[in-house]
Amino acid sequence: MLRVGVNGYGTIGKRVADAVAAQPDMEVAGVAKTTPNFEAEAAHRRGYPVHAAREDRRDAFDDAGVPVAGDLDDLVVESDIVVDCTPAGIGAENRAVYERHDTPALYQGGEDADVADASFNARANYDEVAASDAEHVRVVSCNTTGLSRVLAPLDEQYGVEKARATLVRRGGDPSQPDRGPINDILPDPVTVPSHHGPDVNTVLPDLAVDTMGVTVPATLMHLHSVNVTLETEAEAAAVAETLTDESRVFLVPGDARVAGPAHLKEYAQDAGRPRGDLWENCVWAESIAVEGRDLYFFQAIHQESDVVPENVDAIRAVCTDTEAAESVVETNRALGVGFGESEETRRVAADGEGAAASADD
Ligand code: NAD
């Protein structure tokens, strides 16, 4: 069993800890937090040993009645690998702690790419990272993960001459009442291209991709408007089939009448997903359109959870000899990734009947 420490137990960290606990070949060595808040109490209730990330905060945990298993150094020593899920920029500061104990570490997409020896997305570059013997690896951000999962298969199947995406970004996560905007629509960043395209190139270095970002008053998901100029012509139905074959892409059928992220989140909750998580890219089958070599579609990305299975695969890529396909299947199986509607989504994408169905109520 791989012993995995999770440093930073917020939006991403709590999900990574639960995903690790669900794997047959991994266990949670413990989690580290700075603040003994409701999340620390919940971690303790889930049975994860809670460590005080900062020595000067240990008394605060005692005062709050959250038992402390040790400090960050103790957690690193007890772990075969640490997944750093601290806020952007803190992971870079923590690298020295992991190196001091000669413990491999994963970092998140809020860190600059140079925090690690390699950036990672299972669909894009699992094999390269596994072969490189990199011990400090950054799992790319939610938006970059979402783009990489569709651009990699499109490039393999048809060739990508140029990809362009406008990323309509949620202003904050549901648990972040201090984020915004609350009544505005912001070019974010206002400079073009946004950093997301270059970030895709950290895992797909030869892919031509430009991105623009807009931030809106929403918390549920990001929405991507994607345009890809392919190197060869393709029918929309064939593209739908290509994407359906991807285990971490959910082709949303038109007759499901999913209007947007609110419906997707409701669907995930109805399906009994933990925290209403959607680990898959959600591509509207009806939106897939091709004109000549120009492909268009919309996809929604659940920022809180799409990187979670990627972190699990990155653990195996760094610590084991597990092949990419084997790891992805194992991770998907343990978490329950995939809605398994491939025949239906193929049919709906091919005949476009969803558009008519959604007009009548
Ligand atoms: P978060 O604020 O929800 O959680 C961070 C946690 O780390 C909090 O519990 C905080 O108390 C704790 N913390 C703060 N300083 C710490 C320290 N010095 N040591 C240990 N713990 C500390 O943040 P998040 O949204 O989970 O983001 C974590 C990382 O994941 C960032 O790099 C972020 O860019 C990236 N990421 C976030 C999202 C998202 O949408 N939330 C998506 C993909 C990647």
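Just so you know, ligand 1 is whichever comes first in the structure, and atom 1 is the first atom listed for that ligand.
Evaluation of the ring pair (Phe, Tyr, Trp, His ring centres under 6.0 Å) rule for Y126 yields F120 as partners, not counting sequence neighbours. Here R275 pairs with D18 under the side-chain hydrogen bond (donor to acceptor under 3.5 Å, both in side chains) rule; sequence neighbours left out.
Sequence neighbours left out, the pairs with a member in residues 193-222 that pass salt bridge (Lys or Arg N to Asp or Glu O under 4.0 Å) are R138-D199, K162-D210.
Within 6.0 Å of CG on D184 lie more than 12 heavy atoms contributed by other residues, nucleotides or ligands.
The pair D84-R95 fails the salt-bridge criterion, with no side-chain N (NZ, NE, NH1 or NH2) lying under 4.0 Å from an Asp/Glu carboxylate O. Salt bridge present: K14 and E39 bring a charged side-chain N and a carboxylate O closer than 4.0 Å.
Under 4.0 Å from any atom of ligand 1, one finds heavy atoms of residues N7, G8, Y9, G10, T11, I12, K33, T34, A53, C85, T86, P87, A88, I90, Q108, G110, C142, R170, D173, Q303.
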